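In what follows, every chain begins at residue 1, and chains take the letters A, B, ... in the order their sequences are listed. The model shown is predicted, which means the values in this text are computed figures rather than measured ones.
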Protein chains: 2
Amino acid sequence: MPTAPVRVLEHPAPEEITLEGVLHALSDPTRLRIVRFLWRLEEDEGAPCSAIELEITKSTTTHHFRVLREAGVISQVYRGTAKMNALRRRDLGALFPGLLDAILAADAARHEREDVPARSPA
Amino acid sequence: MPTAPVRVLEHPAPEEITLEGVLHALSDPTRLRIVRFLWRLEEDEGAPCSAIELEITKSTTTHHFRVLREAGVISQVYRGTAKMNALRRRDLGALFPGLLDAILAADAARHEREDVPARSPA
DNA sequence: ACACTCATACGATAAACGACGTACTACGAC
DNA sequence: GTCGTAGTACGTCGTTTATCGTATGAGTGT
């Protein structure tokens, strides 16, 4: 077998992760949705790409997951035929403490405002 | 003078500010630098565009300030011949609590790591 | 071997972006 | 008025981006 295809994905080391890169990765609605989904999972738990329903084609989905991985936001490992995706909580937390929490809390608050049209308090 | 040019800039209302828009606006190094500069000023204090030294031309500077304004990150008001820029702390704080702080804290931490090359701890 | 599923690779395309230069407007000072 | 300064508008150029379609590979089950 000539140079067997490496089934290990390239991930940026923590010191290669940039704030701008992370912000850019999260500035796309589709990617923010992916991250929001992964955020709800348990620590170190992962999900295959197909676990998230997106109104885009598979190739575009692959593209977005790749952007997230190359920005250092998620990790991807092959597990059988699927590829498990997980947030890099530990690395991001060490590099940018509170950043992910603030962004996803802001995102959650936004969705509350939008999803619940006009619920008067009590 | 037919239809005098309006010297008031358009700003998005708070409900028009999107998280993605803010993240995208902050995902550019130049714009992040601008925001970092404005962040150090006092509450509601502003600075003209020319107060920040950037290695780009004036037209590009105008472009970046406009992106920040249209994303709802800064406010711009004419004051004589200059245009004062200020962070929209209140609006952003109400919409996305802690977001700006987390981003700028992350940015500050990053700069500390980079600016101090190899200071061994004690 | 075969089919099926999950995901990738490659190529194309249209849109957005960052940077620039030049020409212009608005304001204040002289 | 004239001049300088601060910033805008517009057009351009090259790069990146988001999307797609089609073809392909890697793994699992029959």
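- For B/E16 (side chain) and B/A13 (main-chain N/O), a donor-acceptor pair under 3.5 Å exists by modelled atom type.
- Within residues 23-40 of chain B, the residues that place at least one heavy atom under 4.0 Å from DNA chain C are, in residue-number order, B/H24, B/D28, B/R31.
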Salt bridge (charged side-chain N to carboxylate O under 4.0 Å, His left out) evaluation trace for A/R31 with B/E20: CA-CA 10 Å; A/R31 292 196 288 265; B/E20 289 91 342; over 6 Å; no

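- Interface residues of residues 63-76 of chain B facing DNA chain C, ordered by number: B/H63, B/H64; criterion, heavy-atom separation under 4.0 Å.
- Listed for the A/H11 side chain is a donor-acceptor partner under 3.5 Å among the backbone atoms of A/L9.
- Against DNA chain D, the stretch residues 45-62 of chain B makes heavy-atom approaches under 4.0 Å through B/P48, B/C49, B/S50, B/K58, B/S59, B/T62.
- Between the side chain of A/R36 and the backbone N or O of A/L104, no donor-acceptor pair lies under 3.5 Å.
- When the P atom of C/dC27 is taken as reference, atom OH of B/Y78 falls 9 Å away, rounded to whole Å.
- Using a 4.5 Å cut-off between side-chain heavy atoms of Ile, Leu, Val, Met, Phe, Trp and Tyr, A/M84 falls into a hydrophobic cluster with A/V77.
- Listed by chain and residue number, B/R88 satisfy the side-chain hydrogen bond (donor to acceptor under 3.5 Å, both in side chains) test with B/D91 (two or more places apart in sequence, or in another chain).
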A/R89 vs A/E45, salt bridge (charged side-chain N to carboxylate O under 4.0 Å, His left out): CA-CA, chis, key distance, verdict: CA-CA 11 Å; A/R89 295 172 200 259; A/E45 189 185 354; over 6 Å; no

N/O to N/O distances under 3.5 Å, protein versus nucleotides 2-5 of chain D:
none

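- With no hydrogens or angles considered, a side-chain donor-acceptor pair links A/T57 and A/T60 at under 3.5 Å.
- Not a single donor-acceptor pair under 3.5 Å links the side chain of B/R33 to the backbone N or O of B/L54.
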